[in-house]
Amino acid sequence: MREVGLSEDEVLRELAEIRGRDLPYDRFFSTMCTRPHHIAVQAHNLFLETNLGDPGLFPGVAELEQRAVGMIGEMLGCPDAVGYISTGGTESNIQAARAARNACGIEGANIVVPQSAHFSFDKIGDLLCLEVRKAPLDSQMRVDMGAVRRLVDDRTVAIVGIAGTTEFGQVDPIEELAALARSKGIFLHVDAAFGGFVLPFLGGFNWDFRVDGVSSITVDPHKMGLSVIPAGGLLFRSADAMRGLETETHYLTVSRQVSLTGTRAGSAAAATYAVMNHMGRDGYTRSVQYCMGLTKHLLERSAEIGVRPVIEPVMNVVALAVKDAPAVRSGLMELGWHVSMTREPRALRIILMPHMTKENIDLFVRDLDQVLRSLGQ
Ligand code: PLP
């Protein structure tokens with residue numbers, strides 16, 4: 001550290017220069033994050049110094065968090081749901097598994113997740129000393145129900161289903177998973193980190209708290225909810241289901257805490273409340289329709305150069321089947337496009353977020369065609 005600090009101007013000049021090294025969103029096809037809505041940014045800045053870890057000191061932002069949870073609960077079919085604004089999908093998944101484990105109190109417990117589960121479930125196995133059993137997928141990249149039934153045993157404390165998988169955007173058969181969880185008297189957690197702010201505005205799926213047996217849902221406002229990073233959401237159907245997360249706090253304004261982190265950003269909750277209130281159902285429906293329009297456009301353009309998706313996309317996530325996906329991806333990266341890959345089968349993974357445009361999709365497909373030709377495909 002310097003003995004004598006720089007002036008504010010000098011610090012800001014350096015920051016501006018270094019910020020310029022970050023890459024621009026309009027070339028990102030690989031991320032489930034996007035530019036936050038400007039009203040979320042304003043709310044974030046207004047509540048920057050608030051700490052939801054000690055809510056008695058900040059009753060204003062604590063009220064906003066409860067209102068945000070209420071709105072998300074209503075969106076997911078349960079206005080009385082309880083929960084909190086977490087740091088993102090990883091924390092929410094960890095906490096849901098922890099709640100299930102603590103509620104059951106079984107030694108050597110396990111959870112059954114789809115093979116497509118986000119890598120946060122590998123962290124869960126490590127952190128919570130839970131065995132994480134992975135069920136294979138069917139040809140449409142949904143979890144295979146027969147496999148789930150075979151993996152569940154008397155030490156299973158939770159089943160996990162995904163509504164919007166990270167790689168294919170697929171939705172697991174949540175009603176069937178819920179029936180199984182009900183018959184065993186165990187938790188069903190739905191990871192809708194991505195799909196939580198997509199599916200309610202698309203329709204066509206029965207996957208949220210309207211399905212009897214869904215105990216908890218991960219839903220990330222910082223993804224398709226257009227809030228700021230870090231704004232995640234974890235909701236439980238009832239206060240009972242969340243009880244396993246309570247820890248006594250001896251020096252704060254509240255006697256119990258359910259969150260994983262202690263000190264936590266009130267600004268994320270305020271931003272989520274602000275953007276949800278501003279967008280309304282109508283605004284989110286238009287945003288999702290825009291992204292689905294981009295998805296259709298990408299499919300049409302890529303079909304013109306002979307490239308097809310691995311599965312018919314359900315939401316704004318597309319896996320494009322190409323030979324030697326790692327080489328194609330490298331070629332695209334050299335041309336400045338950021339795409340990622342699915343694991344099995346290896347394909348180009350493309351997320352159509354609100355920051356993308358049809359014009360950039362056209363440029364991308366032109367470059368994809370060039371890369372494929374250069375590789376002799
Ligand atoms: N769950 C799913 C389905 C995801 O797609 C992701 C991230 O993309 C996560 C969980 C983890 O979310 P985060 O990166 O906010 O921790």
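Order of appearance sets the numbers: ligands from 1, and atoms from 1 within every ligand. None of the values given here were measured: they were computed from a predicted structure. Reckoned from all heavy atoms, side chains included, excluding hydrogens, waters and symmetry mates.
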K.L.:
Residues around ligand 1, heavy atom under 4.0 Å from any ligand atom, sorted by chain and number. Can you pull those?
P.N.:
Met32, Gly88, Gly89, Thr90, Asn93, His118, Gly164, Thr166, Asp191, Ala193, Asp220, His222, Lys223

K.L.:
Do you know which of Asp369, Ile361, Asp362 makes side-chain contact (heavy atoms from CB on, under 4.5 Å) with Val365?
P.N.:
Ile361

K.L.:
Would you indicate whether the side-chain heavy atoms of Trp337 and Asn360 approach each other to under 4.5 Å?
P.N.:
yes

K.L.:
What pair of heavy atoms forms the shortest contact from Val61 to Gly266, and how long is it?
P.N.:
CG2-O, 3.3 Å

K.L.:
Do you know which of Tyr290, Tyr25, Phe29 makes ring pair (Phe, Tyr, Trp, His ring centres under 6.0 Å) with His355?
P.N.:
Tyr25

K.L.:
State, with a plain yes or no, whether a side-chain heavy atom of Met145 is found less than 4.5 Å away from one of Pro173.
P.N.:
yes

K.L.:
Same cluster or not: are Phe236 and Val69 linked, directly or through other Ile, Leu, Val, Met, Phe, Trp or Tyr residues, by side-chain heavy atoms under 4.5 angstrom apart?
P.N.:
no

